[in-house]
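Proteins get letters first, then strands, A, B, ... in listed order; numbering begins at 1 in each.
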Amino acid sequence: MRMSRLFLRTLRDAPGDADVESQRLLVRAGYIRKVAAGVYSWLPLGQRVLRKVEQIVRDEMDDAGAQELSLPIIQPLELWEQSGRDALYGPLMFRLHDRKETGFCLAPTAEEVITATVRGEYSSYRDLPVNLYQIQWKYRDELRPRFGLLRGREFLMKDAYSFDADVEGLRESYRLMYDAYHRVFDRCGLTFRPVQAQSGEIGGDVNHEFMAVAAVGEDDFVWCRSCNYAANVEAARRRDPDPVATNGDEAALEPVHTPDMPGIAAVAQHLGLGEDELLKCMAFEADGRLGLALVPGDREVNEYALGTALAGSKFALLDEDGFARRSSLPKGYIGPHHPDVELIVADPSILARTEWVTGANTTDHHALHAVPGRDFTITTVAPLTAVVTGDACPNCGSELSVDRGIEVGHVFQLGTKYAELLGAVYTDEHGAQHPMVMGCYGIGVSRVVAAIVEEHHDGHGIAWPASVAPYAVHLVALAGKGDAAAAVRDAADHLYAALRSAGVDVLYDDRDSSPGVKFADADLLGMPVQLTVGAKGLARGVVERKIRASGVRDELAVDVVVDQMVASAMT
RNA sequence: CGGGGAGUGGCGCAGUGGUAGCGCACCAGCUUUGGGAGCUGGCGGUCGGGGGUUCAAAUCCCCCCUCCCCGACCA
């Protein structure tokens, strides 16, 4: 492509509303343009990158045995009413009506439609398994679209759906996708981790999020640098500290005056203690019963873990209203020896210390020497603390790290939920009917583009991995003076033609601009290899090569350039 | 949804009552040519929209729209 004809305008300044580097660079370099909050146009260069990522995804999906189809973006609301997700998604869905006032939505995802589609075609165990996918635009009216392509309201997503006869089949389908995802993100040049995660609103059991490590990520996740352990911050566990036995000679419970100190930090400072010596008592109600969740004062309660510990009970931490109703609970001064407390869930670390400082259940007072088992009775011991960097890995004991990541993929074992709700059943070899067992597998294709830029850029611009670069080579012709100018132009034209006929994708800067502009644009646009044809080099029969990512430069004889480029494209 | 900030040419910005300007970009000419060149001359804006105050509004007042940031409860 000749840059003199490319629909491209690079910007020296990024728009003021860009809030992450990927957005700033993609806009400055002319890959995308914002049309509305969370809605972007993909200009020619951007479209090429999007297609590259798409094609990697398509390759790996096809290799894994999935079949591509295309489902509608406009979906009847009726399907969403059947699955019950109409209400669940609520205002997150873009809604519209046709002229007959029939309700539709713009697809935020496609479990309903795909299930209805398979239901209409397949009904025998002989048909299964089958895995269908599409690469299609999705729509979510996010509360707060932000971070450019990372949280848009319109985004390109690959969604695959597997249908199996039984759970064993599902596990195999899931494994195929899980493995394919590794290959996809490897090929895209991303540093990532699959992490155990919660299922969120889609429902189902086993699932993994694929997190690209990035400071601008919206989700914290926990991973071990020594072993393979990785988990969503809510599902993460640490290795529990060992319990210590009480000697039985601890001093008796002793009240202490702590005026106007409803927080851990103030009390610890006042008493000259570490925050980890204080007992944090978080009040909750579970099925109407008052409970306390106990963690060390320097820790926070992981509500998801608390839910697990309460084994399905409906529970909620007390809010302001709750405290208002429970007037006997002095918020900030609660101790576990409270007469109204019906159950106490304690983190294992509570048993790793013989005595605690805790609330005295009287405003402005705390209590020293609270001994588990003596002064209060623990109903259940279960992991409750939110994991932080430096905690011990539950698998290997090494240090865990809590980092931010961009969720670029998510794989779920859905089970039979949608098949049951929407009637996708098959007949087995004995003539009995069963719901199909489903899995679903998403990749945020447009988000991946942004994630790649987040990982592959520097102060000058983007540095695309070769696998997704819009062009393999950025050929720069420097206009010289007089006869030299003509020679340079001539040599560059020939090189351009030769590279193209050798099958190399070339972006050719044939513009009549100064060298500075051309170099700056080349670095900003980020093709993996830059070839510069200038009068000086040409006189010696060489062109200069610069590897964008490393900045390494060398010179190539003009007559070996094409072979070199073709060879490096192979590797 | 609540709080804060902001909308002025394609992009970045200035302009606190007197009729709109700067840089980049764009167009023309001349010069320049290995890291975002110089000079000269141009094109381009109903100042987010509507209403109001005023002799006069980008500027003051009201309403609306859009955009950005922050905000859950750790006791």
Using the ring pair (Phe, Tyr, Trp, His ring centres under 6.0 Å) rule, pick out the option among A:W464, A:F7, A:W42 that qualifies with A:Y31.
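Exactly one option meets the ring pair (Phe, Tyr, Trp, His ring centres under 6.0 Å) with A:Y31, and it is A:W464.
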With a non-hydrogen cut-off below 4.0 angstrom, is A:Y333 in contact with a base, only sugar-phosphate, or nothing?
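The residue A:Y333 makes sugar-phosphate contact but no base contact.
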Give the rounded distance in Å between these two atoms: [atom1] of [X] and [atom2] of [N].
| X | N | atom1 | atom2 | answer |
| --- | --- | --- | --- | --- |
| A:R33 | B:C67 | CZ | P | 18 Å |
| A:R9 | B:G44 | CZ | P | 18 Å |
| A:L318 | B:C74 | CG | P | 13 Å |
| A:R24 | B:C11 | CZ | C1' | 15 Å |
| A:D512 | B:C30 | CG | C1' | 14 Å |

From C-beta outward on [X], which listed nucleotide comes closest to its side chain: [options]?
| X | options | value |
| --- | --- | --- |
| A:E300 | B:C11, B:C74, B:G34 | B:C74 |
| A:E303 | B:C73, B:C67, B:G36 | B:C73 |
| A:D19 | B:G34, B:G35, B:C69 | B:C69 |
| A:D521 | B:G35, B:C74, B:G36 | B:G36 |
| A:A37 | B:C67, B:C11, B:G36 | B:C67 |
| A:P515 | B:G34, B:C11, B:C74 | B:G34 |
| A:D17 | B:G36, B:C68, B:C11 | B:C68 |
| A:T532 | B:C11, B:G36, B:G34 | B:G34 |

pair A:R299-A:K280: side-chain heavy atoms closer than 4.5 Å:
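A side-chain contact under 4.5 Å is absent here.
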What is the pairing partner of [N], taking Watson-Crick or G-U wobble pairs with both distances under 3.5 Å in any strand?
| N | value |
| --- | --- |
| B:C1 | B:G71 |
| B:A58 | none |
| B:A28 | B:U40 |
| B:G12 | B:C22 |
| B:A6 | B:U66 |

Looking at [N], I'd like to know if its phosphate oxygens (OP1 or OP2) sit under 4.0 Å from a side-chain N or O belonging to [X].
| X | N | result |
| --- | --- | --- |
| A:R299 | B:C74 | no |
| A:S514 | B:G36 | no |
| A:K34 | B:C68 | yes |

In terms of the nearest nucleotide of RNA chain B, which residue is placed more toward the 5' end: A:V517 or A:P262?
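Its nearest nucleotide lies further toward 5', so the answer is A:V517.
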Assuming nearest nucleotide by heavy-atom distance, tell me which of A:G38 and A:A535 is located more 5' along RNA chain B.
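By nearest-heavy-atom nucleotide position, the 5'-most residue is A:A535.
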Inter-nucleotide [atom1] distance ([N], [M]), Å rounded:
| N | M | atom1 | result |
| --- | --- | --- | --- |
| B:G18 | B:A58 | P | 10 Å |
| B:C70 | B:U33 | C1' | 49 Å |
| B:C69 | B:C74 | C1' | 25 Å |
| B:G4 | B:G15 | P | 23 Å |

Give me the atom names and distance for the closest heavy-atom approach of A:V345 to A:A309.
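Here A:V345 and A:A309 meet closest at CG1-CB, 3.9 Å.
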A:F155 six-ring centre to A:R140 NZ/CZ under 6.0 Å and within 45° of normal
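The answer is no, since A:R140 fails at least one limit relative to A:F155.
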Hey, is the side chain of A:R553 pairing donor to acceptor with the base of B:G35 inside 3.5 Å?
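Answer yes: a donor N or O sits under 3.5 Å from an acceptor.
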Using only modelled atom types and a 3.5 angstrom limit, is any donor from either the side chain of A:R28 or the base of B:G36 paired with an acceptor on the other?
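Pair found.
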Is there a donor-acceptor contact under 3.5 Å from the side chain of A:E342 to the main chain of A:L290?
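Checking the backbone N and O of A:L290 against the side chain of A:E342, a donor-acceptor pair under 3.5 Å is found.
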Please determine whether the number of non-hydrogen atoms from other residues, nucleotides or ligands lying under 6.0 Å from atom CG of A:D287 exceeds 12.
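Counting neighbours around CG of A:D287, more than 12 heavy atoms of other residues, nucleotides or ligands fall under 6.0 Å, so yes.
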Around atom CG of A:D260, are there more than 12 heavy atoms from other residues, nucleotides or ligands closer than 6.0 Å?
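Not buried by this count: 12 neighbours or fewer within 6.0 Å.
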